[in-house]
Amino acid sequence: MSKDGKVRVRFAPSPTGALHIGGAHTALFNWLWARRSGGTFILRIEDTDALRSTAEYEDTIMAGLKWLGLDWDEGPDIGGEAGPYRQSERMDLYRKYADQLLESGLAYREDDAVIFKTPVGVNLVLDDAIYGEIKIQSEKASMSPDGSVKDIVIIKRDGMPTYNFAVVVDDHEMDINWVIRGEDHISNTPKQMLIYRALEWETPNFAHLPMILGKDKKKLSKRHGATSVFEYNDMGYLPDSVFNFLALLGWAPGGGVEIFDRGTAAKSFELSKVIKKPAVFDMDKLNFVNQEHLKIMDPAIKKKIVEPFWAELGLHPEKHSEQYLMDALTLMGARGRTTNELAMFSDYFVDFSPVKERYDASEISPEQRDTLKKFFALFMSIPKWKSQEMEAFARNWCETNGASLKEIALPLRWALTGRKVSPGVFEVAQLLGPDECRLRLKHFNFLD
Ligand code: GLU
């Protein structure tokens, strides 16, 4: 237990790549467990692989965590009582405890390496918070391919500690009382338990998180799509949605609730409720979650998030007022599963140019054009530029002139949006304003 009995957890990435989905999932569950109970979430950088670890990767991992809204209380950037938080800066500690094991005869030297003698006949019980009780004999904790007992390298010939050793020293020294990590580490845990035992340290609680599989039930990899969290940002997924979606990989707050924010998740999170069955990474589910978050998102924040996506389409949102853009997004409602799609589907609110690219009114016959011209001449002089007035006027006119509303509304929608589907066409017209509508209708020669 930590000094005050509070939860102390850590996320311990190796800075040898960007923050990928599996890492983000592990970080998130650690964060939830800490935040649920007012505990401490620690970021520790496991950079003992000097060749593959870089400062850039460390930065992108931190940026990825921040993007997801996972803040840490101690870490290499902010320090803390249990620092330093990079393994490369903790070499003295590993050396010290390796010496201790050498002195007590529990380890030996071979060449320049230090090797821990795997004991025989010790019954280990791993009481995993998610996987339940796992019993294992010490000699089975570390085995050679031929089935013989294999001793465990703790310091390599180059003087660097191995993962299984450094992780034990650090988790002990940092007072970590819950080790929450991916299921792929479950085979390492008995080895680590042997080292805790040899150093006469109390073992922390363990929880191994379910594996994440692709829809084809194979381990999640590049083949299944984007793996780094920032790729999801570029694809138009909100951090809130990715957080929500990752939390659902193995856990749910209960009562059928699937859409939640960080605070709600942190309040109701329970490690014992995490299922050990592998979780399936389902893009349809992510799209659904993202769309739900887009629906409930504050329009001002939504506008800020969508703006760069409009700009990327070559549009000019900066020429509009903030209120106008917010109103456009509000009118868009739940259209678009991603911010990308939302920006695309609402492009006509920002600029007229994409409308012209999509539509040329070539399907309109000369007779239809005559009708449209008659109608729009009157339509444009409606005294109150309000969608209800426009609709009432249009219905009335169609009735009197023996036309159907569709004959008017379809060309109007095409002329204003260049799309077959959009929010209510009169609402679109209201928001675009009479001047812009006039310009667009004239362009297509629906108005003189
Ligand atoms: N550096 C290890 C990894 O990235 C940490 C594993 C652990 O949490 O013990 O897989």
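Counting convention: from 1, in listed order, for ligands and their atoms alike.
- Under a 4.0 Å N-O distance rule, the pair R86/E46 does not qualify as a salt bridge.
- In this structure, atom 1 (N) of ligand 1 lies nearest to the protein heavy atom E46 OE1, 2.6 Å.
- Salt bridge status for K303 with D298: absent, with no side-chain N to carboxylate O gap under 4.0 Å.
- Side-chain atoms of T40 and W72 form no donor-acceptor pair, as typed in the model, at a separation below 3.5 Å.
- Nearest heavy atom pair, residue V289 against residue S241, reads CG1-O, 3.6 Å.
- Atom numbering of ligand 1 starts at 1 in the shown order; those under 4.0 Å from a heavy atom of V167 are 9 (O).
- At least one heavy atom of Y163 sits closer than 4.0 Å to an atom of ligand 1.
- If you check which protein heavy atom lies closest to atom 8 (O) of ligand 1, you get R10 NH1, 2.7 Å.
- Taking the ring centroids of F41 and F11, they lie at or beyond the 6.0 Å cut-off.
- Test L246, I212, L209 against T26 for side-chain contact (heavy atoms from CB on, under 4.5 Å) and you get one pass: L209.
- Close contacts between ligand 1 and S14 involve ligand atoms 1 (N), 4 (O) [criterion: under 4.0 Å to a heavy atom].
- For atom 4 (O) of ligand 1, the nearest non-hydrogen atom of the protein is A12 O, 3.5 Å.
- For atom 10 (O) of ligand 1, the nearest protein heavy atom (residue, atom name, distance) is H185 NE2, 2.8 Å.
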